[in-house]
Asker: 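Structure below; questions to follow.
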Amino acid sequence: MTPKEQCEVLLDKLLPFAEDQMKKYREFYPFAAVILMDDSVELTGSYDGNEHPESKDVLADLIQIHKQLAAEGKIKASGIVWNAGVASADGKPTDAIIVSLEHKDDYSVIVGEPYKIGLFKKFTFGNLFAMEGKHDVFKLSLQAWRCAPADSGQAQLPSSQRVIVLSEKSACI
């Protein structure tokens, strides 16, 4: 399977559960799953003893847990789900289920599913949208970095990209 296909496996496990939680409870805490090196899928969670944690704290904990698992070489892919307000295609604010998917082989995507709560608490889910992910869990491999000598003028980057200086003589994005 390709990295994209493996991330789609996670999406197929995570998104229906998030939809179900929204229909039943109108909210959910962030939750996550990983694909282990043997291709099995496992749910991951975070608990710090607080029965009512802030969602942003749970999300940060899940990212840290997945980073640790990735650094230890225990996972191939990561999927983390949360609920957020986003701008719709027409620029209007809407709520959406957000799924951040990453693979160790330099694949990262964020998938969103907008929703509306109508009469009698009926949920209507919109079309999925996707955008490039952030690579929060897996660091980009050296093959993904574009390097140039620091004094060559070739390391011209858009302001949105970070520069990692490996030495005084080279810079990579």
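One is the number of the first residue; the rest follow in order along the sequence.
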Asker: Does anything in residues 87-101 form a salt bridge (charged side-chain N to carboxylate O under 4.0 Å, His left out)? List the pairs, not counting sequence neighbours.
Answerer: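 Sorted result for residues 87-101: empty, none.
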
Asker: Could you note down all residue pairs passing ring pair (Phe, Tyr, Trp, His ring centres under 6.0 Å) where residues 74-120 supplies at least one of them, sequence neighbours left out?
Answerer: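 For residues 74-120: Tyr115-Phe123.
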
Asker: So, using salt bridge (Lys or Arg N to Asp or Glu O under 4.0 Å) as the criterion, who are the partners of Glu8 when residues are at least two apart?
Answerer: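 Residues passing salt bridge (Lys or Arg N to Asp or Glu O under 4.0 Å) with Glu8: Lys4.
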
Asker: How long is the span from the CG atom in Asn83 to the CD atom in Glu113, to the nearest 0.5 Å?
Answerer: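 One finds 11.0 Å between CG of Asn83 and CD of Glu113.
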
Asker: Sequence neighbours excluded, which residues qualify as side-chain hydrogen bond (donor to acceptor under 3.5 Å, both in side chains) partners of Asp61?
Answerer: Ser46

Asker: Can you tell me how far the CD1 atom of Ile110 sits from the CG atom of Leu101, to the nearest 0.5 Å?
Answerer: 9.0 Å

Asker: Distance-only check: which donor-acceptor pairs under 3.5 Å involve side-chain atoms of residues 29-43, not counting sequence neighbours?
Answerer:
{"from": "Tyr29", "atom 1": "OH", "to": "Pro53", "atom 2": "O", "distance (Å)": "3.4"}
{"from": "Asp38", "atom 1": "OD1", "to": "Ser40", "atom 2": "N", "distance (Å)": "3.0"}
{"from": "Asp38", "atom 1": "OD1", "to": "Ser40", "atom 2": "OG", "distance (Å)": "2.6"}
{"from": "Asp39", "atom 1": "OD1", "to": "Gln6", "atom 2": "NE2", "distance (Å)": "3.2"}
{"from": "Asp39", "atom 1": "OD1", "to": "Lys76", "atom 2": "NZ", "distance (Å)": "2.6"}

Asker: Is it true that atom CG of Asp48 has more than 12 heavy atoms of other residues, nucleotides or ligands lying nearer than 6.0 Å?
Answerer: yes

Asker: Please check if the side chain of Glu102 supplies one atom and the backbone of Ser108 the other of a donor-acceptor pair under 3.5 Å.
Answerer: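 Not a single qualifying donor-acceptor pair exists.
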
Asker: Are Val99 and Tyr25 connected in a single hydrophobic cluster, I mean Ile/Leu/Val/Met/Phe/Trp/Tyr linked by side-chain heavy atoms less than 4.5 Å apart?
Answerer: no

Asker: List, by chain and then residue number, the residues other than Tyr47 in its hydrophobic cluster (Ile/Leu/Val/Met/Phe/Trp/Tyr, side-chain heavy atoms under 4.5 Å); write none if there are no others.
Answerer: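 None; Tyr47 is a cluster of one.
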
Asker: Excluding sequence neighbours, so at least two apart, what forms salt bridge (Lys or Arg N to Asp or Glu O under 4.0 Å) with Lys74?
Answerer: Glu72

Asker: Taking only residues two or more places apart in sequence or in another chain, which ones pass side chain to side chain contact (heavy atoms under 4.5 Å, CB included) with Glu54?
Answerer: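 So Glu54 forms a side chain to side chain contact (heavy atoms under 4.5 Å, CB included) with Lys56, Asp57.
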
Asker: Tell me, please, which residues at least two apart from Lys24 pass salt bridge (Lys or Arg N to Asp or Glu O under 4.0 Å).
Answerer: Asp20

